[in-house]
Amino acid sequence: MSDEPRALLGRARGLAGFTLGELAAAHGVPLPEAPTRSKGFVGRLLERALGASPTSTAMTDFPECELKTLPVDALGRPRESTFVCHVQLPQLAEIGWDDSRVRAKLRRVLFVPIETGRALAQPTRRVGQAFLWEMSTEQEALLRDDYALLASRVALGELERIDARWGRVLQLRPKAANARIRVRAHDLDGAPVRVLPRAFYLRAQFTAALLRDALPLRA
DNA sequence: TATTGATCATAT
DNA sequence: ATATGATCAATA
């Protein structure tokens with residue numbers, strides 16, 4: 001690998017300790033007024049702070065690295081799952097793990113923890129210690145198994161039986177503006193059907209493990 | 001309280 | 001309509 005990911009990590013670590021308010025001010029970004037209306041704000045702010053091309057058509061935010069903010073509580077535990085990518089339902093059955101978008105996205109990830117919580121107003125939330133993750137053999141085996149399970153059940157026409165409980169580390173959940181949105185898919189006979197869009201997510205328990213491996217607590 | 005299913009903003 | 005950035009809010 002080039003040293004780009006390392007350089008990026010260094011820059012991300014330089015942001016540790018700053019509040020989102022400070023970061024927004026430094027980049028001339030207005031802070032959203034309603035927290036519920038600002039779901040993607042943190043991610044876009046960090047992209048900007050780290051110089052990712054906002055309109056990158058590439059698979060990942062940076063040539064060799066995907067950027068993900070990670071909301072954590074006061075104890076440093078992830079508060080949410082992590083979105084990976086939409087599922088291409090019509091093609092899922094034909095795309096194996098090795099060629100999947102999930103694997104491409106997760107090849108190398110720069111995680112930036114952000115301390116978040118109901119009691120913490122967005123401008124006062126702080127950036128934590130960023131870390132770089134590349135999946136281990138064991139982690140990839142877990143991801144591959146979950147992907148294979150989900151893909152095979154979809155191929156069997158059982159999409160509607162799949163819920164967020166499936167998968168040990170990788171799950172399939174709705175991903176849409178609302179529950180009435182539909183996308184094209186097809187049933188076992190190849191007949192077109194319209195279904196709620198789904199996406200792959202990493203379970204919070206999984207990213208918690210990544211955090212522990214990367215930033216072990218010290219006494 | 002942890003997790004699932006639903007939702008919101010922005011851009012192409 | 002699709003993709004990326006996610007978090008909200010109802011439920012188990």
Side-chain angles (χ1 to χ4, degrees), chain A residues 12 20 23-24 27 29-62 65-92 95 100-102 104-106 109-123 125 127-128 130 146 150 159-185 192-209:
Chain A
L20 298 184
L23 233 49
H27 293 276
V29 177
L31 282 159
E33 63 294 345
T36 179
R37 297 290 175 117
S38 64
K39 292 182 184 179
F41 172 76
V42 181
R44 287 188 294 274
L45 180 59
L46 266 293
E47 281 181 347
R48 185 158 196 162
L50 292 172
S53 48
T55 58
S56 170
T57 173
M59 170 63 77
T60 53
D61 297 309
F62 295 91
C65 194
E66 172 70 7
L67 173 65
K68 291 287 181 198
T69 57
L70 187 61
V72 298
D73 64 19
L75 298 176
R77 298 171 306 194
R79 303 187 75 254
E80 294 288 349
S81 55
T82 299
F83 168 72
V84 180
C85 61
H86 276 104
V87 182
Q88 317 286 298
L89 287 167
Q91 308 140 51
L92 182 60
I95 302 175
S100 67
R101 301 177 63 164
V102 179
K105 286 276 186 190
L106 300 181
V109 182
L110 176 64
F111 282 104
V112 183
I114 309 285
E115 190 183 343
T116 303
R118 300 204 64 174
L120 223 46
Q122 196 169 47
R125 296 178 179 181
V127 179
D146 286 345
L150 296 166
L159 173 67
E160 300 304 345
R161 286 188 50 205
I162 298 175
D163 63 31
R165 297 176 189 84
W166 295 46
R168 289 171 292 176
V169 298
L170 187 69
Q171 58 181 178
L172 210 51
R173 301 225 306 278
K175 171 68 166 165
N178 61 63
R180 299 172 303 281
I181 301 289
R182 290 295 182 272
V183 291
R184 293 181 202 291
V193 290
R194 308 277 286 170
V195 300
L196 182 63
R198 318 295 167 100
F200 288 109
Y201 294 82
L202 296 178
R203 291 187 177 281
Q205 298 245 9
F206 183 66
T207 51

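Residue numbers begin at 1 in each chain, while the letters A, B, ... track the order of the sequences.
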Seminar exercise, completed: Sequence neighbours excluded, the answer for salt bridge (Lys or Arg N to Asp or Glu O under 4.0 Å) partners of R37(A) is none
In whole angstrom, give the distance that lies between atom [atom1] of [X] and atom [atom2] of [N].
X: L170(A); N: dT3(B); atom1: CG; atom2: P; result: 16 Å
X: L202(A); N: dT4(C); atom1: CG; atom2: P; result: 14 Å
X: E33(A); N: dA9(B); atom1: CD; atom2: C1'; result: 11 Å
X: L172(A); N: dT3(B); atom1: CG; atom2: P; result: 18 Å
X: R198(A); N: dA1(C); atom1: CZ; atom2: C1'; result: 17 Å
X: R168(A); N: dT3(B); atom1: CZ; atom2: C1'; result: 19 Å
X: I181(A); N: dG5(B); atom1: CD1; atom2: P; result: 18 Å
X: H86(A); N: dT12(B); atom1: NE2; atom2: C1'; result: 14 Å

Exercise. With a non-hydrogen cut-off below 4.0 angstrom, is L196(A) in contact with a base, only sugar-phosphate, or nothing?
Worked result: sugar-phosphate
Exercise. For nucleotides 5-12 of chain C, read 5' to 3', which letter fits each nucleotide if B means a protein heavy atom sits under 4.0 Å from the base, S means only the sugar-phosphate is that close, and - means neither?
Worked result: BBBBS---
For this session: Output the single nucleotide from dA6(B), dA3(C), dT4(B) whose closest atom is nearest the side chain of R101(A).
Result: dA3(C)
For this session: Give the nucleotide from the list dG5(B), dT2(C), dA3(C) with an atom nearest to the side chain of D163(A).
Result: dG5(B)
Exercise. Side-chain N or O of Q88(A) less than 4.0 angstrom from OP1 or OP2 on dA3(C)?
Worked result: yes
For this session: Report yes if at least one side-chain N or O of R194(A) is closer than 4.0 Å to OP1 or OP2 of dA1(C); otherwise report no.
Result: yes
For this session: Tell me, yes or no, whether the heavy-atom count around R194(A) atom CZ, taken from other residues, nucleotides or ligands under 6.0 Å, exceeds 12.
Result: yes
For this session: Would you kindly compare R203(A) and R180(A) by the position of their nearest DNA chain B nucleotide and give the one closer to the 5′ end?
Result: R203(A)
